[in-house]
Amino acid sequence: SNDASPAGGGGEAGAAPTASADCPLASAADPGNSAPPTGVPMATAAPKLPVKDTYTVAFSQNASNNPWRLAETASMREEAEERGHQLTVTDANNEQAKQIQDIKGLIAQKPDALFIAPITEQLGNVVVEAAAAGIPVFLLDRDVDNTVAKPGEQFVTVIVSDFVQQGKRAAWAMAKATGGNAKIIELEGTTGSSPAIDRKKGFDEAITQCPGLEVVVSQSADFTRAEGQSVTETLLQSHPDATAIYAHNDEMALGAIAAVRAAGKVPGSDIQVVSIDGSRDALTAVDAGELFATVESNPRFGPRAFDTMEQYAREGQVPVQLVLEDRLFDKANAAQNIATAY
Amino acid sequence: MADAPLLQMRGIDKSFAGVPALTGVDLSVPAGEVRALIGQNGAGKSTLIKVLTGVHRRDAGQVELDGRPVDFGSVHEAQRAGVATIYQEVNLVPYRSLAENVCIGRAPRRFGLLDWRAINAEARERLAALDVHVDVTRPLHEFPIATQQMTAIARALSFDARLVVMDEPTSSLAEHEVGVLLDVVRRLRDSGVAVVFVSHRLDELYAVCDTITVLRDGRCVADAPLAELSKYEVVSAMLGRALTESERRGRHVGAARAAGAPTVLEARDLHRPPALNGSSVSVRRGEVVGLAGLLGSGRSETARALFGADPVTGGEMRLAGEPVAFSSPRDAIRAGLGFNSEDRKADGIVPDLSVRENLTLALLPRLTRRGVVDRGRQQEIVDRFVARLGIRMASPDQPVRELSGGNQQKVLLARWLCTDPRLLILDEPTRGIDVGAKQEIAELVDELADDGLSVLLVSSELEELINGCDRVVVLRDGETVRELAGADISEDAIVQAMAEGSAGAGEHGDA
Amino acid sequence: MTAPVHVAPRPRLGRVLQQQGALIALVVLVVFGALRYGEQFATGFNIQSLLADDAKYALVALGMTFVIMTGGIDLSVGSVAALGGVVAAQLSGAGLLPAMLAALGVGAAVGLANGVLVARYGLAPFLVTLATLLVARGLALQLADARSAVADPASGFQDFGRWSLLGIPVSFWIVLVLFAAGALALHATDFGRHVLATGGNEDAARLMGLPVDRTKVAVYVLSGTLAGAAGAFLGAQTGSVDAAAGQGWELTAIAAVVVGGTLLTGGVGSVFGTLVGVLLLQLIFNLIVFENGRGVIEISSYWESVIRGAFLLAVVLLQVRLTRRRAAPT
Amino acid sequence: MPETVSDPAATRSPESAAAATGRRGAVWAARAQRYGAGVLLVLLFAYNALATPNFLTVQTLLDVQLRQAAPVAIVALGMALVIATGGIDLSVGSVMAIAGQVGALTLLAGVGPVAAVALALLAAAACGVFNGSLVVRYGVQPIVATLILFIAGRGIAQLLSGGRLTGFRDPAFQFLGLGRVAGVPMPVVLMVVLAAVLWFVVRYTAYGRTLLATGGNPRAARLSGVRVGRVTMIAYVASAALAGLVGLVVIGITSASDANNVGLGLELDAIAAVAVSGTPLTGGRISVIGTLVGAVVLRLLQNTLIAQGVPREVAQIVTGVVIVIALFLQRRSR
Ligand SMILES: Nc1ncnc2c1ncn2[C@@H]1O[C@H](COP(=O)(O)OP(=O)(O)OP(=O)(O)O)[C@@H](O)[C@H]1O
Ligand SMILES: Nc1ncnc2c1ncn2[C@@H]1O[C@H](COP(=O)(O)OP(=O)(O)OP(=O)(O)O)[C@@H](O)[C@H]1O
Ligand SMILES: [Mg+2]
Ligand SMILES: [Mg+2]
């Protein structure tokens with residue numbers, strides 16, 4: 001599955017159809033990233049980290065079965081390399097049980113610090129075990145159940161992605177693309193995954209402002225291109241009146257675009273497509289005018305993660321929640337970002 | 001009647017796919033009586049038994065045990081009601097020990113747990129009572145089919161049932177075991193047990209049975225005290241016609257055929273321990289050679305070795321003078337050999353395939369042009385052999401598993417005959433075949449031999465060897481110990497050779 | 001005259017060797033780990049968490065062993081574990097015992113469905129359990145509303161995951177007891193023998209008057225129940241069960257059973273062999289994590305898959321050598 | 001419709017089998033056994049014709065329903081062969097991924113579309129040889145033998161791809177997925193042609209007979225001169241090769257090879273398709289048309305549920321139940 005996070009930036013919406021009066025979104029500006037959380041407590045009770053110039057650190061990644069995850073891992077590796085830290089990476093191959101096993105294995109090796117990209121919010125117990133073993137834990141891109149593992153105590157901080165906000169921005173882009181009038185097919189991510197749940201939540205919430213925006217059917221397509229294509233083919237046939245598609249990630253959107261073409265319609269004019277991630281292929285599609293916009297879900301956690309770690313070592317405290325900033329790519333800024341996209 | 005017979009079956013009907021297998025069959029057996037059940041292959045014997053013991057549901061009729069109507073839904077129920085059965089094919093569990101196969105289901109316990117010592121001891125006893133002395137802790141599949149059959153018998157007896165049903169229990173046994181079994185049957189009768197005894201061997205029936213029921217085409221055609229019927233009457237009742245001359249006389253091969261004919265196959269000193277320790281056989285063109293021996297003497301293994309079914313560790317083979325070494329049955333078949341194995345179920349039929357496909361399986365390579373089967377020729381061949389061997393079936397498209405035991409055997413024979421081989425190896429070819437068919441097959445073999453086919457005949461029935469063979473090779477512990485020809489072939493000679501100095505029979509004489 | 005005692009000691013000896021083959025491999029790997037990764041690997045913590053993790057797989061594999069010995073197979077265990085775990089987590093508020101029992105209950109229910117469809121209606125186990133795999137997974141997702149079912153932290157439910165005795169997690173003690181019971185049942189009760197007879201030759205078992213159908217139903221119920229329990233263990237351990245949990249467990253279990261020396265054709269099997277198989281296969285993961293820790297070479301999850309496959313291949317071929325079994329391709 | 005080929009024999013056996021139970025209406029049970037999958041197909045079709053907007057259009061039926069059914073159907077054909085030998089092939093999904101990845105990489109390496117396809121199929125066939133030799137030479141249980149590649153195969157494909165999607169644009173190469181013959185999508189063409197070929201092979205060639213004999217009773221087959229090993233090997237290689245072909249079809253359609261997801265879980269779909277056609281997994285029987293029907297039924301069921309906006313989890317439950325019903329209709333009573 002995929003992920004991302006909040007804060008400013010974002011290009012200007014491209015040439016939008018005339019905004020329909022009863023859809024504030026269509027005329028509003030990009031909501032951007034959610035305001036940085038204010039009054040976040042500082043992590044104080046978590047295991048301390050001595051000041052050294054290099055550390056042995058471990059990173060438990062939950063899967064390597066999609067570009068986003070690979071980009072996240074790569075960013076961690078590069079940054080560790082950069083700063084001369086010795087990094088151990090494990091990969092849970094998308095199995096919760098295995099990630100728990102991995103983490104326990106890592107704990108047994110007593111690294112200076114432990115980074116975890118939790119597969120679900122349900123890894124509280126192992127995080128607690130890590131804390132018990134005196135290892136400071138930093139969570140990446142997803143939180144764990146805070147009733148089990150207390151932020152600032154059992155783990156230092158979580159650098160989150162704000163999936164809900166991404167959904168809201170996608171809704172905004174959708175409004176721009178369609179002038180606030182659209183019958184939308186929603187392609188959900190893997191059933192039960194938090195990005196799928198939150199990106200749906202954010203989007204559905206936002207479009208309530210616009211009676212003209214209606215989700216006519218919503219189906220899971222497992223975050224994959226092939227599924228995105230076949231599901232869309234089927235839905236286009238049973239919902240011929242659909243005029244737009246909102247996909248929870250770029251891969252599904254790219255599949256959907258192919259399906260739209262196959263159905264003899266023109267993506268970008270007959271049917272508007274909006275998605276989330278900001279992958280290279282997606283930006284290319286945006287530039288080609290087939291994809292209206294894609295909300296970035298920044299996978300580059302490396303710099304922020306290690307900054308935070310080193311800061312924690314120096315100052316003994318950091319906010320228990322941090323957010324990564326996402327951009328929004330549309331016709332205006334897609335081209336110049338293709339080269340740097342993952 | 002005053003005391004109702006222990007078993008009373010009345011008006012039993014049973015049909016498969018609308019094809020009647022039994023129509024209005026009656027069968028009654030008082031306690032302490034042995035009732036013979038006989039009929040041609042496919043007459044319905046096994047079906048009747050399966051209906052009685054709850055394997056098949058009857059379509060109509062009543063079954064009474066001790067005057068009380070019963071309707072068993074499973075073999076288990078039948079057993080609890082005191083009916084023990086030995087089914088036609090050995091039906092035991094290959095990977096489990098003999099002991100377990102004998103006792104499982106009603107095994108002795110200690111503290112609620114199985115008591116293996118007691119189990120093994122009991123099994124050892126029960127098999128010893130049948131004069132079988134083997135290591136009962138070994139898995140069943142390691143033993144020859146005969147031992148397996150004796151195990152099945154031991155199991156059936158172990159239930160101390162009131163009614164014992166035996167469906168062709170002797171078909172895979174040799175003289176001695178048969179003798180032992182018949183004694184057992186007598187003992188059962190004397191102790192007031194009722195017995196239903198199915199066999200195609202009339203002598204056995206006359207040796208132990210009091211009354212007889214003859215089935216033909218699923219109907220009762222005779223029900224009388226055995227003493228009142230002569231063998232001929234029984235057979236003609238069974239066949240539904242008077243006997244032919246040759247059938248009356250039982251034929252006898254005159255002067256040895258093919259005395260000077262060239263040798264087709266010659267095997268010398270074959271080794272495949274532990275079963276084969278130097279067996280040698282040679283067959284001339286148009287000659288019928290018998291392979292005699294006690295159980296486990298290596299007859300089947302010799303046959304399999306000749307056919308390339310099992311690799312040999314030593315020895316040499318010549319085909320028409322040329323040295324050969326078959327690495328697989330395929331080679332052997334190419335070279336013009338055919339082999340009908342002794343275990344119809346495991347090595348013979350392909351149950352789901354039709355009679356047609358089973359019959360032409362070995363012929364396929366020759367039936368196909370550029371990989372495609374020539375259906376016309378196939379059909380024509382099938383028709384020919386079905387007619388020639390008188391195979392009874394609904395149609396050539398019927399799955400072979402639905403044929404009766406004997407008819408399956410005929411299909412397998414046809415499988416080889418249609419390849420028209422130079423040498424045909426028959427391992428127990430008449431096992432479970434009715435007298436009529438047996439006669440036909442014997443004559444067929446004769447006929448083919450006259451036309452120049454060479455035959456190697458493995459049989460446990462000395463009579464068959466004596467009547468049908470030009471020469472008889474006798475094996476003991478996988479070693480050729482004697483070769484008898486023409487006039488020297490006699491029961492005594494063979495038996496003596498088989499048993500001679502066989503004090504250690506039971507062990508492998510690794511000499 | 002009697003059939004000669006045929007001197008063919010292969011199968012029995014072969015089976016013993018087979019199990020020892022897995023056992024030897026296990027010992028070797030443990031020693032290797034201890035030597036290469038030092039006390040970090042051999043510490044109580046690592047051993048403990050390893051055993052705690054193995055517990056759930058062991059339970060599933062135990063049930064699978066019995067099913068396979070009857071000649072059947074149970075693909076639904078993974079989904080059933082998820083279902084059981086979800087149910088347990090959701091009822092955890094009521095306390096450990098009710099939660100556990102509920103998990104066992106749903107497991108048994110699915111097992112019963114499998115058993116009846118297979119035994120009573122003679123449907124193919126592979127397909128029946130493939131169907132119930134889908135159904136159970138769907139139910140789990142429904143109950144959990146497509147998210148994770150979170151156990152009530154207040155309840156004693158999660159403590160179960162933490163309890164340990166003599167440095168060994170309670171969950172694993174339970175596994176040991178169950179395996180001992182299983183081995184005993186197989187060797188010394190009618191049930192056990194019926195299982196083997198049914199797997200060895202079903203028709204024969206019927207004609208021998210053995211309760212084939214009852215035996216089959218029983219093993220599927222057993223398998224389902226144990227799978228449910230495994231789910232509950234998972235819940236207790238992680239404090240929650242994600243509805244996608246247990247995916248692929250059926251294959252892990254089958255692999256463990258085979259490595260343990262049980263024939264998929266049924267009729268022959270070893271309960272302890274399965275336990276060894278589970279420990280062996282899970283140890284691989286642990287070792288790989290440590291190897292990564294050394295930072296000498298980096299083993300990605302891709303390599304892990306390859307290594308797992310290669311290892312399975314090695315063990316299987318080893319068994320072939322040991323037993324010299326040339327089974328027909330069926 | 002399933003002409004269960006244990007040759008015409010089997011077309012008769014269901015009746016006798018059912019009748020053997022001596023139940024009244026056994027003949028009807030037998031009909032159900034033979035036509036169960038067909039019945040389901042008709043029901044589903046009728047339902048959609050009524051309930052789903054513009055279902056009854058050539059575009060929908062050809063380009064959506066049949067085209068989406070094709071991949072599973074083609075894999076299922078190979079699976080049916082393996083199942084006829086009494087085996088099973090769990091590795092098809094991974095083999096698809098390997099073939100797809102090899103095809104994509106070689107294409108990008110510039111060997112040209114034809115060579116790329118050839119190499120991909122070669123890689124797939126090699127996987128088949130691997131499975132086959134484990135089963136034939138070493139007598140490993142088919143489930144275990146193919147489980148090995150099921151696990152390792154995807155890993156291999158991912159190592160080749162580094163986990164990334166390998167995108168490409170090459171009309172010639174993608175013809176397998178996107179091409180059309182006389183307006184009919186290529187996947188559908190492949191499905192029909194391959195089915196026809198297999199049907200002929202099974203029904204009229206010596207291989208067909210030996211295949212069924214091998215599955216029905218290997219020992220007997222061997223003694224009758226059938227090269228059991230060879231026959232079995234061919235089945236596994238064919239299964240893998242077909243899987244490889246489908247791998248190429250799938251990546252052709254999406255113009256990117258995604259080693260992480262191509263063919264994921266497809267082995268079970270394929271097995272289900274074979275099963276729904278009423279073919280027992282015990283070997284010795286095969287039904288080519290039945291397998292096609294099975295695949296189409298399952299896909300149509302999926303799409304019906306998707307079109308109705310039924311959530312995944314519910315769809316799963318329904319599918320499971322339908323499979324059981326199909327098995328139930330077609331069960332061979334003992
Ligand atoms: N399961 C079955 N399905 C269809 N037909 C069957 C089935 N079992 C037996 N039959 C048919 O019933 C008839 C009687 O078969 P049965 O086995 O009782 O003959 P039998 O008297 O035992 O012959 P044999 O002496 O060869 O054993 C045969 O025509 C056989 O084809
Ligand atoms: N299926 C088997 N597995 C293992 N050993 C066997 C098997 N069948 C026979 N043997 C062994 O091979 C030796 C020869 O058996 P074989 O069957 O050739 O004897 P036979 O003279 O043909 O007696 P039978 O009347 O049983 O055919 C015997 O010692 C027997 O124990
Ligand atoms: Mg009979
Ligand atoms: Mg013999």
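Below, chains carry the letters A, B, ... as their sequence lines are ordered, and counting in each starts from 1.
Salt bridge present: B:R57 and B:D71 bring a charged side-chain N and a carboxylate O closer than 4.0 Å. The existence of a salt bridge linking B:R369 and B:D374 is confirmed by a sub-4.0 Å separation between a basic side-chain nitrogen and an acidic carboxylate oxygen. B:R304 and B:D427 are not joined by a salt bridge, as no carboxylate oxygen comes within less than 4.0 angstrom of a charged side-chain nitrogen.
Residue B:T360: no heavy atom, backbone or side chain, is found under 4.5 Å from chain D. Neither the backbone nor the side chain of B:L367 has a heavy atom closer than 4.5 Å to any heavy atom of chain D. Using a 4.5 Å cut-off between heavy atoms, B:L361 touches chain D through backbone and side chain atoms alike. For a residue to count as touching a neighbouring chain, one of its non-hydrogen atoms must lie under 4.5 Å from one of that chain's; by this rule B:R415 touches chain D with the side chain only.
Considering only heavy-atom pairs separated by less than 4.5 Å from chain B, the leading option among D:T205, D:L223, D:V226 is D:L223. Most heavy-atom pairs under 4.5 Å with chain B, from the set D:G216, D:G208, D:A220, D:A213: that is D:A220. Of the listed residues (B:A309, B:G338, B:S341), the greatest number of heavy-atom pairs within a distance under 4.5 Å of chain D belongs to B:A309. Contacts with chain D were tallied for B:A346, B:P365, B:G348, B:P351; B:A346 has the most, counting heavy-atom pairs under 4.5 Å.
Residues satisfying the side-chain hydrogen bond (donor to acceptor under 3.5 Å, both in side chains) criterion with D:N217, sequence neighbours excluded, are absent altogether. A search for salt bridge (charged side-chain N to carboxylate O under 4.0 Å, His left out) contacts involving B:R344 returns B:E89, not counting sequence neighbours.
Side chain to side chain, B:D383 and B:Q379 meet the donor-acceptor criterion of an N or O pair below 3.5 Å.
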